[in-house]
Enquirer: 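Here it is, the structure in full.
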Amino acid sequence: MQRSTRERIVSEALRLFAERGYAATSVAEIEAASGLSPGAGGLYRHFRSKEEVLTAAVREHITRTSKQVSATFQHADDVRARPLIERLRLAATLGMAKMREEADLIRVLFRDLDKFPNLITEMREGIVNPLYDMIGKWLAGQPEMAGVEADWDAIGLALGGSIVNYWLASDALHEPPQRVDEERFINGWAALALGLAGQPAQAV
């Protein structure tokens, strides 16, 4: 489906912000990347300022993430018949895919959002915390975890945070830490999570 001009502006602006930084990206450059005449004011037909473009990008990603979280819980039963280790690998794989999907936004978050405290709050409450919450709730809801007393919020944070850290380190260093590729990382992640159910890591 062809993107609207507004969608192109938001997408291209976020890409440029991620590549160059917010301050180093001009409105004219966003216009050119969006297929508009640079410097002709086409961006201002859709947004009042460059900051409003960034705000729109953050909020659109929050909306999309909210829908994805809901869909994940709705379809959780579809994979419940699979062995736990497969479900855990799938969860980690989906987490890595989400990091790749949000790569530009994550780069902007760590580079520029300290200048926009209101957007940090929206990111924290709209994307970051819901994703960690989802991991904890999903783990607690697995049949094998029935009767396991645990601080699922903390566990969700620890496991989710390891996925975030792996992606951030790989992105910043241009290769995975310890040269552990994604498949090995996911297997290690699943082995750790498997222990919550009292199952041996050798099952990986």
Side-chain angles (χ1 to χ4, degrees), residues 3 7-26 29-30 32-34 50-51 53-69 71-72 88-136 138-139 153-193 204:
R3 295 183 299 172
E7 289 171 333
R8 288 201 311 274
I9 291 171
V10 170
S11 176
E12 293 302 320
L14 188 61
R15 179 182 64 80
L16 290 171
F17 295 156
E19 290 177 358
R20 304 180 188 181
Y22 175 85
T25 302
S26 69
E29 287 170 328
I30 296 171
S34 305
K50 186 171 70 169
E51 182 177 342
V53 179
L54 176 59
T55 299
V58 169
R59 290 176 179 170
E60 287 176 15
H61 280 253
I62 288 172
T63 298
R64 183 173 68 196
T65 297
S66 177
K67 291 178 181 177
Q68 289 171 336
V69 169
T72 297
L88 291 168
R89 284 199 196 101
L90 178 59
T93 299
L94 291 173
M96 293 300 301
K98 181 63 177 173
M99 293 299 295
R100 282 191 290 272
E101 181 184 358
E102 303 293 352
D104 285 345
L105 184 61
I106 292 166
R107 292 178 186 126
V108 173
L109 169 65
F110 282 92
R111 175 189 288 166
D112 290 309
L113 280 196
D114 61 320
K115 305 175 187 70
F116 307 100
N118 59 313
L119 292 182
I120 290 179
T121 300
E122 291 192 41
M123 278 284 293
R124 182 180 65 242
E125 302 304 327
I127 292 182
V128 177
N129 286 346
L131 286 175
Y132 289 146
D133 184 60
M134 181 188 73
I135 293 170
W138 181 83
L139 282 167
D153 287 340
I155 289 170
L157 176 59
L159 291 174
S162 69
I163 291 174
V164 172
N165 182 70
Y166 177 86
W167 186 90
L168 287 174
S170 299
D171 187 59
L173 301 173
H174 305 292
E175 70 173 32
Q178 293 289 83
R179 296 186 175 83
V180 172
D181 65 28
E182 189 170 314
E183 182 178 3
R184 286 178 63 200
F185 171 78
I186 287 172
N187 284 337
W189 189 95
L192 286 174
V204 175

Enquirer: If every non-hydrogen atom of S170 is compared with every non-hydrogen atom of P176, which pair is closest and at what distance?
Expert: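 The answer is OG-CA, 3.3 Å.
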Enquirer: Do V108 and D104 touch side chain to side chain, with heavy atoms closer than 4.5 Å?
Expert: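 In short, these two side chains do not touch, never coming nearer than 4.5 Å.
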Enquirer: So how far is it from S34 OG to R15 CZ, rounded to the nearest 0.5 Å?
Expert: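 Separation between the atoms: 8.5 Å.
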Enquirer: Quick one: closest heavy-atom pair of L159 and A193, and the distance?
Expert: CD1-CB, 4.1 Å
Enquirer: Please lay out, stage by stage, how L139 and L88 fare under the test side chain to side chain contact (heavy atoms under 4.5 Å, CB included).
Expert: CA-CA 9 Å; L139 282 167; L88 291 168; 3.7 Å; yes
Enquirer: Please assess M96 against T93 for the test side chain to side chain contact (heavy atoms under 4.5 Å, CB included), listing each intermediate value before the final yes or no.
Expert: CA-CA 5 Å; M96 293 300 301; T93 299; 5.9 Å; no
Enquirer: Do W189 and S162 touch side chain to side chain, with heavy atoms closer than 4.5 Å?
Expert: yes
Enquirer: Taking atom CD1 of I127 and atom CZ of R59, what is their separation to the nearest 0.5 Å?
Expert: 12.5 Å
Enquirer: Working note: I163 + W167, criterion side chain to side chain contact (heavy atoms under 4.5 Å, CB included); need CA distance, chi angles, decisive distance, verdict.
Expert: CA-CA 6 Å; I163 291 174; W167 186 90; 5.7 Å; no
Enquirer: Is there side-chain contact between I186 and E182, with at least one heavy-atom pair below 4.5 Å?
Expert: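 Result yes, sub-4.5 Å side-chain heavy-atom pair found.
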Enquirer: About how many Å separate CG of L119 and OG1 of T55, when rounded to the nearest 0.5 Å?
Expert: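 Answer for the OG1-CG pair, T55 versus L119, is 4.5 Å.
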Enquirer: For the atom pair CG (N187) and CG (L192), what is the distance rounded to the nearest 0.5 Å?
Expert: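 Between atom CG of N187 and atom CG of L192 there are 11.5 Å.
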Enquirer: Can we say E102 and R64 salt-bridge, meaning some charged N sits less than 4.0 Å from an Asp/Glu carboxylate O?
Expert: yes
Enquirer: Quick one: do D181 and R184 make a salt bridge, cutoff under 4.0 Å?
Expert: no
Enquirer: Is there a side-chain contact between L105 and M123, using heavy atoms and a 4.5 Å cut-off?
Expert: yes
Enquirer: If you round to the nearest 0.5 Å, how far is CD1 of I135 from CG of D153?
Expert: 11.5 Å
Enquirer: Say you draw a straight line from CD of E19 to CG of L14; how long is it, rounded to the nearest 0.5 Å?
Expert: 10.0 Å
Enquirer: State, with a plain yes or no, whether a side-chain heavy atom of K50 is found less than 4.5 Å away from one of F17.
Expert: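 With C-beta onward as the side chain, the pair touches.
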Enquirer: Less than 4.5 Å apart, any side-chain heavy atom of M99 and any of D171?
Expert: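 They are not in side-chain contact.
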Enquirer: Output, in order, the C-alpha distance, side-chain angles, deciding distance and verdict of side chain to side chain contact (heavy atoms under 4.5 Å, CB included) for V164 and I106.
Expert: CA-CA 10 Å; V164 172; I106 292 166; over 6 Å; no
Enquirer: Could you check if a side-chain atom of R111 sits within less than 4.5 angstrom of a side-chain atom of Y22, using non-hydrogen atoms only?
Expert: no
Enquirer: Is there a side-chain contact between T65 and Q68 in this structure, where contact means two heavy atoms from C-beta onward sitting under 4.5 Å apart?
Expert: yes
Enquirer: Inspect the surroundings of CZ in R179 and state if more than 12 heavy atoms from other residues, nucleotides or ligands are less than 6.0 Å away.
Expert: no
Enquirer: How close do V53 and A13 get, counting heavy atoms only, and between which atoms?
Expert: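 Closest approach of V53 to A13, heavy atoms only: CG1-CB, 3.5 Å.
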